[in-house]
Amino acid sequence: MPVAKPESCDSRVIAHIDMDCFYVQVEQRKQPQLRGLPTAVVQYNEWKGGALIAVSYEARKFGVKRSMRGEEAKEVCPQIHLVQVPVARGKADLNGYRNAGSEVMSILARRGRCERASIDEVYLDLTDAAETMLAEAPPQHLEAIDEEALKSHILGLNNEDGSDVKEIVRNWIHRCHADHRDKLLACGILIVAELRMQVLKETEFTCSAGIAHNKMLAKLASGMNKPAQQTVVPFSSVQGLLNSLPIRKMKQLGGKLGMSLQIDMGVNTVGDLLQFSEEKLQERYGLNTGTWLWNIARGINGEAVEGRLLPKSHGSGKTFPGPRALKTVSAVQHWLNQLCEELSERLCSDLEQNKRIAHTLTLHARAYKSSDSDSEKKFPSKSCPLRYGTAKIQEDAFNLFQAGLREYIGLYGVKSQGSHYSRWGITSLSVSASKIVPIPSGTCSIVKYFHWQSSSHFSSIQSAENLRMDATHLSPPGNESYSEVGLPEPKIHFPGEDSWIEDTTPGLGLQEQKINVWKDEDLSCSPSKKKVDGFTEDTSPLLLSGTQGCLEQNQNKQQREFSKDESRFKSEYREQKGTRLKNKGTSSILKFFKSCNPSGTSLSQEHDRTVQGTDAQLTNGAGFQSSCHNLAELNEVEVAKENGTSSHSYIRDQDEWRREAWSYNINEIDPSVIDELPMEIQDEIQAWLRPRKRPNNIV
DNA sequence: TACTCGGTCACT
DNA sequence: TAGTGACCG
């Protein structure tokens, strides 16, 4: 539900930039002969000609809509050109569009705070730029105004009398007795026109824009005149615009909430909302949403432009509709592997390009059960700490799936009754990575230091790996990963499997999936159960796997950067101190300290010891000390849960378990260790240890 | 059991 | 926190 944000006085200048049928433009840039022709981008095309995900304005004139399939589009517009989305690993590959979006972003970010709202939408806060322009080169003194600016649409301006529209716009921009806010918007017009031309020049993409005093109005405006045009909402036009605006056109009101307003409250336009008091709206929709509704009816929206150019999460997913539903565990594993491969690749790029690390891996699925038509969508999502490396991600994602499937079957299935099993099918799968944070910049010089200290023992790959360990976390206790400790994968079997499953996908590392007869006990206390819920962090700092090359590359790149500009990291460090101090899981640094102890133990020896799991003490309670969490006890916990006897103590136990696994007490660092470090490192460590203010939530 | 494949945000 | 669900295009 939308919520009210603190208001601001709102003489801000906010622009919303919306790329015109973006995917089509990206394809037209690749194939210029398609420009100007009715074109649509389709995803796959086996079933009814594929799903349209972008439609050119030429095609829209024929009535082609985004919700259509390729075949339908051909019916209403036989000459339409259907371009297929690139496919990689058997699924749609949107990377080309993501990259194109980034090109645009980098241009738009030049003039003000820039928030990436989606792959093809951006908010800009141009207040400062507009104020500066007003002070230094106010529009009313400009002799020549750019053509693109003159083509702007100014809401509420009467230009139906046949007079020259551009002349009206010119006059509006030139007005010297205008309200200060209008003057700022006039500056916004000029700035946005310039930016849009720059985008066109550098990327060949056209876009539309809305310019107003807040995000909500800018977003509304950007959609009013498309393509390749811009629309301004002067303060005086706000109420007129909203009064007649269908309620469902408002962002956030296109769904159930908007429907409820229409049906339950008789609200058909945004203006209709004005009749309700804030209390009334709060009573019906809650405090936050009620206030938000009351505000938007008045054109009030204090939401800030966030200043974020990068996405907060990455995901890779695919649907398996109808008869394509995945019906065996090995089929699921095959597709999970594909999805994880893509995700891993994107995480690597993010790490390389943006020095960011994701912390959480989540698996989503949709499923149906033949015995329960309502079970669709109820497949539980599951998450765990994210370990870098394609193989690790694949393994963890598969474990998450198995955990989800057990729950799904347990919750929604009728357990085995005689010989009848209800069959399940997976209709959609996705994996995503979230909690993405910048690599703590303070550790960069630390990594460099250790690299210098021990170039023979400590390869660049290893330091890259430890960089990774800074951001990920030590294992939860009692969660030995089978593959790491050399135990065979547990044989897991599920009801609804067609048969004994064979690995039909060589090279994908599918686990053995022998399907035995389903038994109830397997839900609660089989070894596989312990494994399934025991997805875990590694205990080893040597986690190299499929992305080794990527990490090595990253590290080399990073090293170049380190030597290039150490001071930059220092300043980043100061800027991001709050954020970094918030970062947990810097425990590998502690390992480094201990590894560099006065006993003279070599790093590699220390590494070996660490690998063998003796670092419980070293990490000051970071992960392994809690011996009660051995497999047997975990199993008891699981039994309690399965029996429906889960108690508060179970919940608390789990919470503590997580806290311990995900953080450590920075105060427990042994100060004598720090003294042995070179001064530059000491400074940074000391900064970590100083009492700290609660950081602002600025990334 | 066919509106994809992303993404963001809020609630609990 | 993890999980769910609404919403956008």
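Chain A is the first sequence line, chain B the second, and so forth, proteins listed ahead of strands; every chain is numbered from 1. All figures in this text were calculated on a predicted structure; none of them were measured in a lab.
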Exercise for the section: Go through the side-chain N and O atoms of A:Asp272 and A:Thr269 and say whether any donor and acceptor fall under 3.5 Å apart. Expected result: yes
Handout entry: 5'-most by nearest nucleotide on DNA chain B - A:Thr319 or A:Ser313
Key = A:Thr319
Completion exercise
Between CE of A:Met68 and P of C:dG9 the distance, given in whole Å, is 18 Å
Problem - Proximity to the side chain of A:Lys219 - top-ranked nucleotide from B:dC5, B:dT4, C:dC8 - result: C:dC8
Practice task
For the side chain of A:Lys251, starting at C-beta, report the closest nucleotide among C:dC8, C:dC7, B:dA2.
Solution key: C:dC8
Practice task
Would you tell me if any nitrogen or oxygen in the side chain of A:Lys435 comes within less than 4.0 Å of OP1 or OP2 on C:dA2?
Solution key: yes
Practice task
Give a yes/no verdict on a cation-pi contact between A:Arg60 and A:Tyr57, requiring under 6.0 Å between NZ or CZ and the six-membered ring centre and an angle within 45° of the axis.
Solution key: yes
Handout entry: Under 4.0 angstrom between A:Asn95 side-chain N/O and B:dG6 OP1 or OP2
Key = no
Exercise for the section: Output the single nucleotide from C:dG9, B:dT8, B:dA2 whose closest atom is nearest the side chain of A:Pro311. Expected result: B:dT8
Exercise for the section: Measure up the A:Phe401 and A:Phe379 rings against each other and bin them: parallel (under 30°), tilted (30 to 60°), perpendicular (over 60°). Expected result: parallel
Problem - Pairwise P distance for C:dC8 and B:dA2, with rounding to whole Å - result: 23 Å
Practice task
Hey, which sits more toward the 5' end of DNA chain B by its nearest nucleotide, A:Gly322 or A:Pro2?
Solution key: A:Gly322
Practice task
Using side-chain hydrogen bond (donor to acceptor under 3.5 Å, both in side chains) as the criterion, list what pairs up with A:Thr319, not counting sequence neighbours.
Solution key: none
Problem - Minimum-distance nucleotide to A:Arg98 side chain [options: B:dG7, B:dA2, C:dG3] - result: B:dG7
Practice task
Calculate the interatomic distance between A:Leu326 atom CG and B:dA2 atom C1'; express it in whole Å.
Solution key: 14 Å
Handout entry: B:dA2 OP1/OP2 closer than 4.0 Å to side-chain N/O of A:Arg324
Key = no
Handout entry: Listed nucleotide nearest any side-chain atom of A:Leu257, set C:dG9, C:dG3, C:dC7
Key = C:dC7
Practice task
Mind calculating the distance between CD (A:Glu121) and P (B:dG6) to the nearest angstrom?
Solution key: 17 Å
Problem - Those residues of residues 42-49 of chain A lying under 4.0 Å from DNA chain B by at least one heavy atom - result: A:Gln43, A:Tyr44, A:Trp47
Exercise for the section: Among B:dC9, C:dG3, B:dT4, find the nucleotide with the atom closest to the side chain of A:Arg66. Expected result: B:dT4
Practice task
Could you give the distance separating C:dG9 and B:dT1 at their C1' atoms, to the nearest angstrom?
Solution key: 24 Å
Problem - Shortest side-chain distance from A:Ala92, nucleotide among C:dA6, B:dC5, B:dA2 - result: B:dC5
Practice task
May I ask you to test the A:Trp294-A:Gln282 pair for a side-chain heavy-atom distance under 4.5 Å?
Solution key: no
Practice task
Could you label the plane-to-plane angle of the A:Tyr97 and A:Tyr23 rings as parallel, tilted or perpendicular, counting under 30° as parallel and over 60° as perpendicular?
Solution key: parallel
Handout entry: Between A:Thr390 and A:Ser344, a side-chain donor and acceptor under 3.5 Å
Key = yes
Practice task
Not counting sequence neighbours, which residues clear side-chain hydrogen bond (donor to acceptor under 3.5 Å, both in side chains) with A:Asn268? List them please.
Solution key: A:Gln262
Fill in the blank from the handout: Separation of C:dG9 atom C1' from A:Arg60 atom CZ, nearest Å, is 10 Å
Handout entry: A:Lys91 side-chain proximity, nearest of B:dC9, B:dC5, C:dT4
Key = B:dC5
Practice task
Give a yes/no on whether any side-chain N or O of A:Arg346 is located under 4.0 angstrom from OP1 or OP2 of B:dG7.
Solution key: yes
